[in-house]
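Within every chain, numbering begins at 1; the chains are lettered A, B, ... in the order of the sequence lines, protein sequences first and strands thereafter. Just so you know, these numbers use all the heavy atoms, side chains as well, and skip hydrogens, waters and symmetry mates. Note that the structure is predicted; figures quoted are calculated from it, not measured.
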Amino acid sequence: MADDTEQRYDPATIEPKWQQRWAADAALYAAEPASCGKPKYYVLEMLPYPSGQLHMGHVRNYSIGDALARHMWMRGYNVLHPMGWDAFGLPAENAALKNNTPPREWTLANIAAMRRQMERLGLGYDWATEVTTCLPEYYRWNQWFFLRMYEKGLVYRKQSKVNWCPECATVLANEQVVNGCCWRHEETLVEQRDLEQWFLRITAYAQELLDGLDTLDGWPEKVRTMQRNWIGRSEGTDVDFTIEGSGERIRVFTTRVDTIFGVTSVQLAPQHPLVKDFCAADAELKAKVDGLIEEQKKAREAGDVGAIEKHGVATGRWAVNPYSGEPVPIWVANYILMDYGTGAIMSVPGHDERDFEFATKYGIEIRRVIAPADPDAEEPALPFTSEDGILTNSGEYNGLSCEAAQKKLQELAARAGFGQATVTFRLKDWGVSRQRYWGTPIPMIHCEKDGLVPVPDEQLPVVLPAQVAITQQGGSPLGRVAEFLHTTCPKCGAPARRETDTMDTFVDSSWYFYRYTDAKNAGMPFDPAKAAYWFPIDQYIGGVEHAILHLIYSRFWTKVMRDLGLTPNSEPATRLFTQGMVIKDGAKMSKSKGNVVSPDDMVARYGADATRMYALFAAPPDRDLDWQEDGVAGVSRFLARVWRLVTKYAAVARAAECDGHSDGAAAAGLLRKLHQTIAKITQDFEGRWHFNTCVAAIMELVNEIQAADAQLDSGAVPPLAIRELLRTLVLLLAPFAPYLAAELWEELGEEGAILRAQWPVSDADLARESELEFPVQINGKLVEVVRVPAGAASAAMEAAALAGERVKTRTVGKSVVKVIVIPGKLVNLVVK
RNA sequence: GCCCGGAUGGCGAAAUUGGCAGACGCAGCGGACUUAAAAUCCGCAGACCGCAAGGUCGUGGGGGUUCAAGUCCCCCUCCGGGCACCA
């Protein structure tokens with residue numbers, strides 16, 4: 001048996017052996033202090049939710065990050081490559097309900113299981129900096145930040161809508177609402193209820209979050225665009241209309257104040273406070289408005305807000321256009337949103353599609369106030385929404401361009417006090433309240449006498465109680481834990497009540513990457529000096545599904561931390577990479593589709609190296625990856641070939657004299673290929689990241705070495721060259737197949753960890769081709785391939801092309817009209 | 001509806017700056033080794049016509065620019081993702 005296994009590449013023996021050695025070497029993947037003098041490199045992969053099972057998306061994400069980290073270590077950098085757990089969240093409560101396991105136990109067991117999976121995959125993390133967000137040592141700093149933000153006026157409370165399942169009698173997170181129904185009760189419509197909620201004032205940073213995107217040129221344009229749209233900055237004008245009779249004002253927001261003379265109604269959102277007043281005196285109106293609210297709600301629940309038919313109801317009131325003095329009717333309409341702008345609009349049916357649709361339906365006047373800039377042009381049909389035109393039917397403003405009119409009208413409004421230029425953002429403040437158990441308790445106390453009182457710093461952390469019955473009853477589970485709920489007011493000492501909301505888990509992931517730089521700090525979230533050394537993150541890697549929320553929150557939190565003096569950086573990461581999804585049989589891997597491939601299975605069958613390398617080989621990292629198990633088998637076969645090749649010549653390589661001589665034609669060809677491969681892979685690590693072609697390049701190199709097996713065997717290739725070939729091959733493999741590389745490194749008699757070995761440098765002289773092989777085309781079609789000595793002049797190329805056998809037979813009796821020579825590339829003959 | 005990706009052999013893909021389309025791998029076929037198989041090694045392999053030499057076509061479709069287009073420009077189709085009454 002021994003003989004047999006000795007001859008075979010066996011990841012099941014190699015990999016656990018090295019896994020053990022690496023686990024015993026605490027310094028191997030450890031970040032060094034700033035004093036080490038090396039340049040720093042912070043490579044970060046998004047931390048996973050500890051579901052208990054790594055999936056292929058994780059494997060892909062971490063294989064990319066680990067390859068980069070290993071490469072940077074070999075380039076001599078001080079690398080921070082940490083990992084942690086986004087450990088709060090609903091699944092733990094669901095598991096508690098289902099299995100009667102406490103969320104904490106369930107979560108910690110899952111973390112242990114996933115960490116074992118990661119270690120088995122050979123991912124090189126610095127576990128000394130591990131961060132687990134559900135532990136008080138971490139979440140106390142969430143509370144600390146919350147209090148700092150409270151002091152800065154960045155935290156406030158307000159009434160807000162929540163999803164409520166009447167069957168569960170509890171609040172649902174947005175993700176638990178499926179097609180407008182409760183995920184547990186698929187027939188039960190989710191209701192919107194008003195609750196007092198905590199908010200973080202992210203909108204205070206809206207402009208900066210937008211401007212910062214311009215500096216993030218290391219981020220994918222797609223992500224920046226998505227964030228820009230999400231922030232949704234829009235410049236416009238606030239205009240106050242006066243209600244006839246009462247003298248009350250309705251403030252509207254418009255981006256097209258130049259169309260003000262085309263206003264033929266004012267439209268209010270059904271939830272607008274003035275509508276409530278109108279309804280108080282008019283039961284009939286109230287019934288109709290309630291109907292509109294119901295329609296909006298239904299549409300929102302059904303998830304097609306944009307598709308609902310426009311409905312409205314006239315209030316019978318009139319509002320006066322402050323520019324023209326003209327009264328227009330006030331309507332309430334279901335397409336007006338209370339939470340954007342002022343919840344009221346001026347309706348200009350002549351120049352807005354939605355207003356046009358509404359006015360047509362209800363017979364409201366449609367007026368043209370913008371004419372084409374070219375007086376000879378035909379008047380375009382209404383609604384005419386372009387801003388490329390001049391004002392008409394607009395009194396003294398007639399003839400002005402839209403842009404000029406906007407400016408003039410804004411100035412007038414400001415002067416006369418009925419409005420001004422203004423900027424509106426689509427971005428809303430961040431509601432962080434969750435009526436949930438498994439999250440960070442919000443560190444606030446409700447006192448009868450003193451009102452809202454923050455928990456003093458010295459009383460942090462507010463610890464999540466361990467013994468909590470997770471039930472499906474309504475309200476926050478923490479509200480039913482007497483020991484937690486009842487406390488005393490820090491100000492007056494009287495009995496008081498703790499806040500029972502917990503924080504959104506996006507809070508945890510908004511700053512965890514700072515904690516990695518100083519994970520054990522008990523006195524601060526982190527030491528600013530340590531963070532200043534490591535930040536910004538040099539490369540952040542994760543799924544594009546986090547392009548908006550997580551990455552906006554993280555940017556916001558960084559700016560807050562900067563303003564607290566904790567970091568000099570305004571942005572957390574200079575470069576962001578978003579990898580593609582893992583697909584199988586044409587669909588994203590998911591339990592419901594039954595197309596999930598377990599990483600454990602792959603590792604058991606083919607080994608960690610083959611699994612990881614396949615994840616890099618099957619597609620470029622930014623594209624979707626189609627998982628084909630036969631492909632993993634192919635990579636595994638390739639690794640076996642490498643193993644056989646290196647072990648076959650290991651003894652020769654070990655014995656090679658370092659001062660020996662390494663020439664010979666066979667060696668020159670192989671060394672040329674070797675140095676070309678080094679150059680290709682090094683270059684890819686520096687920018688393009690097409691690791692699929694890196695793996696292919698290594699395969700080509702191995703194919704070529706193997707094709708020269710006879711020369712290697714016969715001694716035609718000097719031992720020193722063999723040594724360089726194999727040694728470098730193993731080094732190139734190290735970021736992609738770390739176990740096999742470590743094993744073969746040792747096999748070649750090298751001392752010390754391959755991770756500490758120097759990344760090979762391509763020698764341009766050795767890489768250079770001695771001959772140029774170039775295509776000759778006739779009229780753009782390939783006719784022949786000819787050779788000239790490398791570096792030959794254009795004239796030599798032309799001569800060689802014209803001397804080609806096939807070229808000669810093809811040009812007989814014809815004339816060469818033109819010869820195009822691209823030096824070093826090709827020759828094209830234009831022949832008639 | 002708007003914004004972003006993408007479409008290349010039987011399959012995953014490559015072609016980095018407009019310059020030999022299909023590298024590398026999978027599946028397939030033929031051969032060597034073997035009593036046999038597995039494993040391994042060698043070879044073939046875009047489609048069509050042809051015994052062959054060779055030829056014609058070919059990167060979702062249509063048009064264009066160019067000596068030369070998978071790559072650039074215009075129009076269109078399909079697939080994936082994001083946003084969606086944002087005033």
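- Using a 4.0 Å heavy-atom criterion, one finds that A:Phe774 contacts no nucleic acid atom at all.
- Taking a cutoff of 4.0 Å between a charged side-chain nitrogen and a carboxylate oxygen, A:Arg810 and A:Glu784 do not qualify as a salt bridge.
- Each of B:G25, B:A27, B:A21 was ranked by its minimum atom distance to the side chain of A:Asp630; first place goes to B:A27.
- Nucleic acid contact for A:Gly232: none, since no nucleic acid atom lies under 4.0 Å from a heavy atom of the residue.
- Going from atom CD1 of A:Ile231 over to atom C1' of B:A84 covers 18 Å, rounded to whole Å.
- Within the 4.0 angstrom heavy-atom criterion, base atoms lie near A:Ile336.
- Atom pair A:Leu639:CG and B:A39:C1' shows a separation of 16 Å (rounding to whole Å applied).
- Residue contacts shown for A:Asp355 are absent, as no nucleic acid heavy atom lies under 4.0 Å away.
- The side chain of A:Arg426 places no N or O atom within less than 4.0 Å of a non-bridging phosphate oxygen (OP1 or OP2) of B:A87.
- Comparing B:G1 with B:C67, their C1' atoms are spaced 44 Å from each other, to the whole Å.
- Between A:Ala707 and A:Val785, the residue anchored closer to the 5' end of RNA chain B is A:Val785, taking for each the nucleotide with the nearest heavy atom.
- Considering only side-chain N and O atoms, A:Thr693 lies nowhere under 4.0 angstrom from the phosphate OP1 or OP2 of B:A23.
- Across the protein-nucleic acid pair, A:Leu625 atom CG and B:G6 atom C1' stand 15 Å apart, rounded to whole Å.
- Between A:Phe638 atom CZ and B:G12 atom P the separation is 22 Å, expressed in whole Å.
- The base of B:C67 sits within donor-acceptor range of the side chain of A:Asn828, with an N or O pair under 3.5 Å.
- Going from the P atom of B:C75 to that of B:G81 covers 26 Å, rounded to whole Å.
- For the OP1/OP2 pair of B:A14 and a distance below 4.0 Å, the side-chain nitrogens and oxygens of A:Arg623 include at least one atom meeting the criterion.
- Remark: the separation of the C1' atoms in B:G9 and B:C57 is 14 Å, to the nearest Å.
- Ring pair A:Trp627/A:Tyr614 is perpendicular by interplanar angle, where above 60° counts as perpendicular and below 30° as parallel.
- Distance noted for atom P between B:G61 and B:G25: 29 Å (whole Å).
- Taking a 6.0 Å sphere around NZ of A:Lys825, one finds it holds 12 or fewer heavy atoms contributed by other residues, nucleotides or ligands.
- Nucleic acid contact class of A:Arg806 (heavy atoms, under 4.0 Å, all strands): sugar-phosphate only.
- Rounded to whole Å, the distance from CD on A:Glu805 to P on B:G54 is 13 Å.
- Under the 90° criterion around 0 for the glycosidic angle, B:G10 counts as anti.
- Residue-level contact check: A:Asn703 touches the backbone only, with heavy atoms under 4.0 Å from sugar-phosphate atoms and none from bases.
- Taking the six-membered ring where tryptophan is involved, the planes of A:His550 and A:His546 are perpendicular, since the angle between them exceeds 60° and thus also 30°.
- Donor-acceptor pairing under 3.5 Å is recorded for the side chains of A:Asn703 and A:Arg641.
- B:G18 and B:C83: their C1' atoms are spaced 35 Å apart (whole Å).
- Closest to the A:Arg688 side chain, of the nucleotides B:G12, B:C85, B:U16, is B:U16.
- Applying the 4.0 Å criterion to OP1 and OP2 of B:C57, one finds that A:Lys781 has a side-chain N or O inside that range.
- The interatomic distance linking A:Glu700 (CD) with B:A23 (C1') rounds to 6 Å, in whole Å.
- At a cut-off of 3.5 angstrom, the base of B:C3 holds no donor-acceptor pair with the side chain of A:Lys222.
- In this structure, A:Lys680 reaches the bases: a heavy-atom distance under 4.0 Å links it to at least one base atom across the strands shown.
- Applying the salt bridge (Lys or Arg N to Asp or Glu O under 4.0 Å) test to every pair with at least one member in residues 686-702 of chain A, sequence neighbours left out, gives these pairs: A:Arg75-A:Glu686, A:Lys673-A:Glu700, A:Asp684-A:Arg688.
- The existence of a salt bridge linking A:Arg60 and A:Asp624 is excluded, since no basic side-chain nitrogen approaches an acidic carboxylate oxygen closer than 4.0 Å.
- Whole-Å rounding puts the A:Trp230 CH2 to B:C83 C1' distance at 9 Å.
- Residue A:Arg644 places no side-chain N or O under 4.0 Å from the OP1 or OP2 atom of B:A39.
- Side-chain nitrogen and oxygen atoms of A:Arg637 include at least one within less than 4.0 Å of the OP1 or OP2 phosphate oxygen of B:C26.
- Backbone-only contact: A:Gln706 has heavy atoms under 4.0 Å from sugar-phosphate atoms and none from a base.
- Taking the C1' atoms as reference points, B:C3 lies 43 Å from B:U56, given to the whole Å.
- The gap from the C1' atom of B:G46 to that of B:C29 amounts to 16 Å, rounded to the nearest Å.
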Side chain to side chain donor-acceptor pair (under 3.5 Å) between A:Gln267 and A:Tyr335, intermediate numbers included: CA-CA 9 Å; A:Gln267 303 284 344; A:Tyr335 71 100; 4.7 Å; no

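- Distance from the side chain of A:Leu337 is smallest for B:A87 among the nucleotides B:C24, B:A21, B:A87.
- For the P atoms, the distance from B:A69 to B:G30 is 39 Å, rounded to whole Å.
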